[in-house]
Amino acid sequence: MYCIKCGVELADSEKVCPLCGTPVFHPDLPCGQGEPPYPPDHRPRVDEVSRAGVLFVLTVLFVLPAVISVLCDWRMGNGIVWSGYVVGGLVVLYVAVVLPLWFKRPNPAIFVPIDFIVIGLYLFYINFATHGHWFLTFALPVTGAAMVLVTTMVVLLRYVPGGALYICGGALLGSGGFAVLLEWLLNVTFHLHDTFLWSFYPLAVCTVLGAMLLVIAICKPLRRSLHRKFFLLSLIHI
């Protein structure tokens, strides 16, 4: 073998180069255990936080204010007056934020409709508690249309690879139509106006943007040119 510094030939029994004093290294011979680069850490290791434990604590943090609000409402008014709104809001927030965390890989195509269904039930409770007449003619169709639009977009983005431009363009066009539907339902339910006043503005904007995305999606040379010049669409398959 040879010295790694000066290149002189060495015997296998050599520990140090006799010419330059460099320690001998031979890959086929066992090496002694050297000193560690840093002192050993004798501190006790902190156990990893339990996912189920954290979710249990979060659940308790949601249940506790709900129970307290019901008890306070019952104590002060001998009945359920305002605590139902608090409990309903906490349920909506828990389903939207905490419930998906109980699953390792929550599927948004499943949880998005669940969120809208829970919101619809909460609006139904508000309508019932306030003796209103707007749920069937306003809240239900608005919530249902929003659920269909958002769920369709989420499902297509998740299961249709390479079609993000088409999906986003169609979603923008649908959003413009949703704005018109919203104003029409407001006028029918609450008798605000006889004509459309503001919905045409978001309709025009969404239509222009949606049509632009669809044109970019259809025209492959244009899409490549935008990608080269402005580094756009880098996350979308060309």
Side-chain angles (χ1 to χ4, degrees), residues 89 92-124 126 134-238:
V92 172
L93 187 61
Y94 182 86
V95 172
V97 177
V98 181
L99 183 60
L101 299 179
W102 284 97
F103 302 86
K104 292 183 178 180
R105 295 181 180 179
N107 190 345
I110 297 177
F111 283 99
V112 168
I114 292 177
D115 294 340
F116 278 101
I117 291 174
V118 174
I119 292 173
L121 293 176
Y122 183 46
L123 294 176
F124 176 75
I126 295 175
W134 45 266
F135 179 77
L136 293 178
T137 57
F138 178 73
L140 181 61
V142 168
T143 306
M147 180 180 67
V148 172
L149 180 62
V150 177
T151 303
T152 302
M153 181 179 177
V154 170
V155 171
L156 291 177
L157 286 175
R158 183 177 178 86
Y159 296 106
V160 180
L165 285 175
Y166 294 97
I167 297 168
C168 293
L172 284 172
L173 295 178
S175 299
F178 178 78
V180 176
L181 174 65
L182 179 62
E183 186 179 16
W184 180 73
L185 291 174
L186 284 171
N187 294 337
V188 170
T189 304
F190 302 103
H191 307 287
L192 299 179
H193 306 286
D194 295 330
T195 59
F196 295 96
L197 296 179
W198 56 266
S199 60
F200 288 109
Y201 299 106
L203 175 63
V205 173
C206 292
T207 300
V208 172
L209 293 178
M212 181 184 67
L213 290 181
L214 292 178
V215 170
I216 295 174
I218 295 173
C219 185
K220 194 172 183 179
L222 175 61
R223 189 164 71 249
R224 289 181 174 176
S225 176
L226 291 174
H227 176 70
R228 288 193 301 267
K229 292 181 179 179
F230 305 104
F231 300 99
L232 299 175
L233 315 175
S234 58
L235 300 179
I236 301 174
H237 297 288
I238 297 181

Looking at residues at least two apart in the chain, or sitting in another chain, which of them share a ring pair (Phe, Tyr, Trp, His ring centres under 6.0 Å) with [X]?
| X | answer |
| --- | --- |
| Tyr122 | none |
| Tyr166 | none |
| Phe178 | none |
| Phe111 | Phe103 |

What residues, two or more places apart in sequence or in another chain, satisfy side chain to side chain donor-acceptor pair (under 3.5 Å) together with [X]?
| X | answer |
| --- | --- |
| Asn107 | Arg158, Tyr159 |
| Trp102 | Tyr94 |
| Thr189 | Thr137 |

Only pairs at least two apart or in different chains count here, so list each ring pair (Phe, Tyr, Trp, His ring centres under 6.0 Å) that has a residue in residues 138-158.
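Listed once each, the pairs are Phe138-Phe190.
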Under 3.5 Å, side-chain donor or acceptor atoms of residues 147-154 against the rest of the protein: list the pairs with distances, not counting sequence neighbours.
unit_1	atom_1	unit_2	atom_2	d
Thr151	OG1	Met147	O	2.6
Thr152	OG1	Val148	O	2.6

Not counting sequence neighbours, which residues clear side-chain contact (heavy atoms from CB on, under 4.5 Å) with Leu93? List them please.
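With neighbours one apart ignored, the set is Phe62, Val97.
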All N/O donor-acceptor pairs, side-chain side in residues 193-216, below 3.5 Å, sequence neighbours left out:
unit_1	atom_1	unit_2	atom_2	d
Ser199	OG	Glu183	OE1	2.4
Thr207	OG1	Leu203	O	2.6

What are the two closest heavy atoms between [X] and [Y], and how far apart are they?
| X | Y | value |
| --- | --- | --- |
| Ile119 | Val92 | CG1-CG1, 3.9 Å |
| Val155 | Ala109 | CG2-CB, 3.6 Å |
| Val95 | Leu99 | O-CB, 3.5 Å |

Atom CG of Leu123 and atom CH2 of Trp134: how far apart are they, to the nearest 0.5 Å?
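Atom-to-atom, Leu123:CG and Trp134:CH2 are 5.0 Å apart.
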Rounded to the nearest 0.5 Å, how far apart are CG of Leu186 and CG of Leu182?
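Answer for the CG-CG pair, Leu186 versus Leu182, is 4.5 Å.
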Not counting sequence neighbours, list each pair that qualifies as a side chain to side chain donor-acceptor pair (under 3.5 Å) and has a residue in residues 109-120.
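Output for this query is empty, none listed.
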